[in-house]
Amino acid sequence: MIRLSQMKLPRRTRAGAKPLALPSPVEARDFSRRLRAWYRRHARDLPWRRTRDAYHILVSELMLQQTQVSRVLDFYARFLARFPDLGSLAAAREQQVLAQWRGLGYYARARNLHKLARRVVREEAPRYGGVLPQAPEALRALPGVGAYTAGAVASFAFEQRAALVDTNVARVLQRFFAPHLHPKRARDLTTLWSIAEAVLPRTGRASWTHNQALMELGALVCTARVRHCGRCPLRGECQSATND
DNA sequence: GTCCAGGTTT
DNA sequence: AAACCTGGAC
């Protein structure tokens with residue numbers, strides 16, 4: 001239980017900055033419930049949504065950062081067929097890992113993934129016991145894992161009650177709660193993380209669905225160029241919804 | 001043909 | 001704030 005006296009509240013807003021009103025618990029619950037109900041009916045069936053293997057989910061997240069779903073499907077299957085677990089990845093040579101990654105681009109991430117496997121399985125085995133940690137802060141310390149990926153693994157693999165913000169999520173939250181924010185600005189991005197935490201449902205299990213749903217809505221409905229408000233489960237309360 | 005998105009690192 | 005790398009938008 002978090003005590004009121006322990007909570008860190010924003011001191012004061014900069015002169016000229018608009019005070020941020022975080023969503024109230026009631027707004028948050030309504031938002032999340034509609035979102036999750038929509039997800040249960042419209043979610044795509046993707047392989048990384050059928051597993052809770054943290055390593056498999058990590059691989060999918062790293063690949064999805066750079067590539068569209070349709071192409072990741074192939075690479076994901078081939079990569080995991082070749083390196084089914086952290087141990088097999090740690091045992092491989094970097095060249096073999098890069099060979100599997102060829103065509104995806106951003107090869108530094110393949111190197112980081114390999115480095116991560118060796119660290120967890122070999123170099124710091126006593127510390128990690130050969131398995132990925134569950135807390136976002138601990139995941140965040142691994143090579144190639146930033147704030148988004150840490151949240152994704154914590155939520156999607158371990159069903160922790162963790163927030164995550166990628167561009168899809170940032171866009172959805174910005175449009176719904178804070179149209180005046182600019183997700184590309186670092187400062188506003190931080191604000192969107194606060195909003196993401198404020199709208200998380202109570203349990204880790206519900207947070208899994210909630211986070212998947214946020215990303216799915218951003219990918220299928222609340223897209224960057226065209227917004228399909230007519231099909232949006234949240235249009236009633238959205239601060240940016242259009243009426244046609 | 002040029003521009004730009006997209007997480008993490010430096 | 002720039003670099004990484006590629007597909008897709010313009």
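Naming convention: chains lettered A, B, ... in sequence-line order (proteins, then strands); numbering from 1 in each chain. Note: hydrogens, waters and symmetry copies are ignored here, and every other heavy atom, side chains too, is used.
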Inset, instruction - Taking atom CZ of A/Arg40 as the centre, report whether more than 12 heavy atoms of other residues, nucleotides or ligands fall under 6.0 Å from it. - result: yes

Legend entry - Outermost nucleotides of DNA chain C that come under 4.0 Å of a non-hydrogen atom of chain A: C/dC4 to C/dG8

Legend entry - Non-neighbouring partners of A/Trp38 that pass side chain to side chain donor-acceptor pair (under 3.5 Å), sequence neighbours left out: A/His42

Legend entry - Upstream residue (5' side of DNA chain B) when A/Leu142 and A/Tyr106 are each assigned their closest nucleotide: A/Tyr106

Legend entry - Where at least one partner belongs to residues 120-129 of chain A, residue pairs that pass side-chain hydrogen bond (donor to acceptor under 3.5 Å, both in side chains), sequence neighbours excluded: A/Glu124-A/Arg127

Inset, instruction - May I have all residue pairs that pass ring-ring contact (aromatic ring centres under 6.0 Å, His included) and include part of residues 68-100 of chain A, sequence neighbours excluded? - result: A/Trp48-A/Tyr76, A/Phe79-A/Phe83, A/Phe79-A/Trp101

Inset, instruction - With the side chain counted from C-beta on, respond yes when A/Leu164 and A/Met215 share a heavy-atom pair under 4.5 Å apart, and no when they do not. - result: yes

Inset, instruction - Using a heavy-atom cut-off of under 4.0 Å over every strand shown, decide if A/Arg225 touches base, sugar-phosphate, or nothing. - result: nothing

Inset, instruction - Extract, from 5' to 3' on DNA chain B, the first and final nucleotides lying under 4.0 angstrom from some heavy atom of chain A. - result: B/dA5 to B/dT9

Legend entry - Sequence neighbours excluded - salt bridge (Lys or Arg N to Asp or Glu O under 4.0 Å) pairs with any residue from residues 24-34 of chain A: A/Asp30-A/Arg34

Inset, instruction - Indicate yes or no: at least one non-hydrogen side-chain atom of A/Val72 is less than 4.5 angstrom from one of A/Ser60. - result: no

Inset, instruction - Go through the structure and list residues passing side chain to side chain donor-acceptor pair (under 3.5 Å) with A/Gln65, not counting sequence neighbours. - result: A/Arg109, A/Thr149

Inset, instruction - Return each pair, listed once, that meets salt bridge (Lys or Arg N to Asp or Glu O under 4.0 Å) where at least one residue sits in residues 200-227 of chain A; pairs must be two or more places apart or across chains. - result: A/Arg44-A/Glu216, A/Arg49-A/Glu216

Legend entry - Student check: side-chain heavy atoms of A/Leu86 and A/Val131 closer than 4.5 Å: no

Inset, instruction - State, without any angle test, whether A/Asp85 and A/Ser88 hold a side-chain donor-acceptor pair at a distance under 3.5 Å. - result: yes

Inset, instruction - Please list, by residue number, the residues of residues 48-80 of chain A whose heavy atoms come closer than 4.0 Å to an atom of DNA chain B; answer none if no residue qualifies. - result: A/Gln65

Inset, instruction - If a pair satisfies salt bridge (Lys or Arg N to Asp or Glu O under 4.0 Å) and one of its residues is in residues 151-164 of chain A, list it, with sequence neighbours excluded. - result: A/Arg52-A/Glu159

Legend entry - Within residues 143-165 of chain A, residues whose heavy atoms come under 4.0 Å of DNA chain B: A/Pro143, A/Gly144, A/Val145, A/Gly146, A/Ala147, A/Tyr148, A/Thr149

Inset, instruction - Just jot down the side-chain contact (heavy atoms from CB on, under 4.5 Å) partners of A/Cys232, sequence neighbours excluded, or say none. - result: A/Leu217, A/Val221, A/Leu234, A/Arg235

